[in-house]
Structures are given as C-alpha cells and as structure tokens.
Amino acid sequence: MNISIKGRNIALLYAALSLTLAWKVKEELVYSLPAVIAAVAMVLSFFQHLPLKKADYSLMNIIDLQSTIYKFQVHILKYSKFDMGIVALWLLTSIPILLKIIFKLAIFSNFIALGVFILFGTIVLLKMFSTDIYKKWDKELMEAQSRLNDIQEFELE
C-alpha cells in the first residue's frame, strides 16, 4: 500500500515535469499542448488515488486487516487500466519534447524520426495494452471483490 501511495504522489512530480517540458517548448503547440494534457491527466490520477491512506496494521484485528487489504486491491485493480493509459500518454508526450531539447531532433518535422517514433510507440502501446493483461486484471478484480464481499458478510454475522 505504501508503494501505491508513493506512486500517487509521484504523479504530481510527473505532472510538474510535463508542465516544465511544455513551458520549454511553449512556442510549438504540437509539443506543448499534449504535455499539458498529460500533466492534467497525472493530476487527475493523483486525485483519483487520494482516498488511499496509510494504515496502521498493528492496531487492526485479522478481519479488519483482510478487509483493508481487499479494499486496497479492489481500488488498485479498478483503476489500473486508467493508470496505464495515463502513463502511456505521459511517455508519448514527454519523449518527443525530450528528443527535441536534448538531441535537437524535432520528430514532428522529420518524417523518418516520426515514423520510428510511431513504430516504437505502437509496439510499446501494444505491449502495455495487450488483451491478456486486461483479462488478468479483470479476473483479479473479480476475485478481490468476491473476497471482500465474503469478509463483509462475515462481519455482519
């Protein structure tokens, strides 16, 4: 859970980095506007995960501990597809700016560089968004929700 809370906070760092990159290329909207959109998406991701709180496990009984763990799993699995999309958007908007700043390579005006970027981006996106990973997440989400329901029913007894 602590790693996810750190990840939530890192989303703000990524948003700040995107805004900084956008500012560096502010004259070129084809670079800066997508970076601003990625920054907004990262901020939205931060707020989406704001309900995650650091728990004091030592004060919990076994049932509360299991319930907390399953609630956390349900939350993470429910938003994992969305988070993966935000990370992909952030990468696809940051890389062109970094290439422009560091290597002076303007990929949007160089057809070969743009083609390589599109090919690389497509491969990365296909790997990130393979249907197998979605099926796995959906299955894990259903299992976690089922276990959480079992615990909640047990608490009612």
Side-chain angles (χ1 to χ4, degrees), residues 1-25 30-99 101-102 107 116-157:
M1 190 178 287
N2 292 337
I3 292 172
S4 293
I5 292 171
K6 288 177 185 174
R8 174 193 67 199
N9 296 334
I10 288 173
L12 289 179
L13 178 66
Y14 288 157
L17 181 59
S18 286
L19 291 174
T20 302
L21 291 172
W23 180 256
K24 289 191 176 279
V25 292
V30 72
Y31 290 96
S32 60
L33 189 58
V36 170
I37 292 168
V40 169
M42 282 291 179
V43 170
L44 291 175
S45 176
F46 170 81
F47 284 113
Q48 186 175 24
H49 293 298
L50 204 52
L52 294 176
K53 303 288 184 218
K54 188 174 181 179
D56 188 357
Y57 302 115
S58 63
L59 299 177
M60 294 182 182
N61 63 38
I62 266 305
I63 300 298
D64 289 339
L65 178 61
Q66 286 179 322
S67 179
T68 300
I69 290 169
Y70 292 140
K71 284 177 185 175
F72 169 75
Q73 284 180 331
V74 167
H75 177 86
I76 293 301
L77 290 167
K78 189 187 313 184
Y79 294 110
S80 58
K81 296 174 190 174
F82 179 74
D83 291 339
M84 187 72 80
I86 290 175
V87 170
L89 175 66
W90 185 81
L91 284 171
L92 292 174
T93 59
S94 299
I95 290 172
I97 298 172
L98 291 170
L99 289 172
I101 293 170
I102 296 169
I107 67 166
V116 170
F117 179 71
I118 289 172
L119 179 65
F120 172 76
T122 302
I123 291 168
V124 169
L125 289 175
L126 287 174
K127 183 69 175 161
M128 287 176 78
F129 294 104
S130 70
T131 56
D132 293 341
I133 194 84
Y134 282 129
K135 289 176 186 172
K136 178 181 177 263
W137 285 339
D138 288 340
K139 182 181 178 205
E140 289 175 0
L141 177 58
M142 289 177 67
E143 289 172 0
Q145 286 174 326
S146 174
R147 289 188 301 258
L148 180 58
N149 290 339
D150 291 344
I151 288 175
Q152 289 170 341
E153 287 175 15
F154 179 78
E155 286 179 322
L156 293 175
E157 295 176 2

Heavy-atom count check: over 12 atoms from other residues, nucleotides or ligands less than 6.0 Å from [X] [atom1]?
X: F120; atom1: CZ; answer: no
X: K24; atom1: NZ; answer: no
X: Y14; atom1: OH; answer: no

Considering only heavy atoms from C-beta outward, does the side chain of [X] approach that of [Y] to under 4.5 Å?
X: L12; Y: M42; answer: no
X: I107; Y: I95; answer: no
X: F47; Y: V43; answer: yes
X: Q73; Y: R147; answer: yes
X: L17; Y: L21; answer: yes

Heavy-atom donor-acceptor pair, [X] side chain to [Y] backbone, under 3.5 Å:
X: S45; Y: A41; value: no
X: R8; Y: H49; value: yes
X: S80; Y: L77; value: yes
X: T93; Y: L89; value: yes

Verdict with supporting geometry, D64 and L59, side-chain contact (heavy atoms from CB on, under 4.5 Å): CA-CA 9 Å; D64 289 339; L59 299 177; over 6 Å; no

Does the side-chain contact (heavy atoms from CB on, under 4.5 Å) test come out yes or no for Q66 and K71, once each step is laid out? CA-CA 9 Å; Q66 286 179 322; K71 284 177 185 175; over 6 Å; no

Can you tell me how far [atom2] of [Y] sits from [atom1] of [X], rounded to the nearest 0.5 angstrom?
X: Q152; Y: Y70; atom1: CD; atom2: OH; result: 12.0 Å
X: S18; Y: I37; atom1: OG; atom2: CD1; result: 11.0 Å
X: L50; Y: I5; atom1: CG; atom2: CD1; result: 10.0 Å
X: F72; Y: K53; atom1: CZ; atom2: NZ; result: 14.0 Å
X: D150; Y: Q145; atom1: CG; atom2: CD; result: 12.0 Å
X: I123; Y: I118; atom1: CD1; atom2: CD1; result: 12.0 Å

Heavy-atom pair of closest approach, residues F117 and P96: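 Of all heavy-atom pairs spanning F117 and P96, the closest is CZ-CG, 3.6 Å.
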
Could you walk me through whether L148 and S67 pass the side-chain contact (heavy atoms from CB on, under 4.5 Å) test, one step at a time? CA-CA 6 Å; L148 180 58; S67 179; 3.8 Å; yes

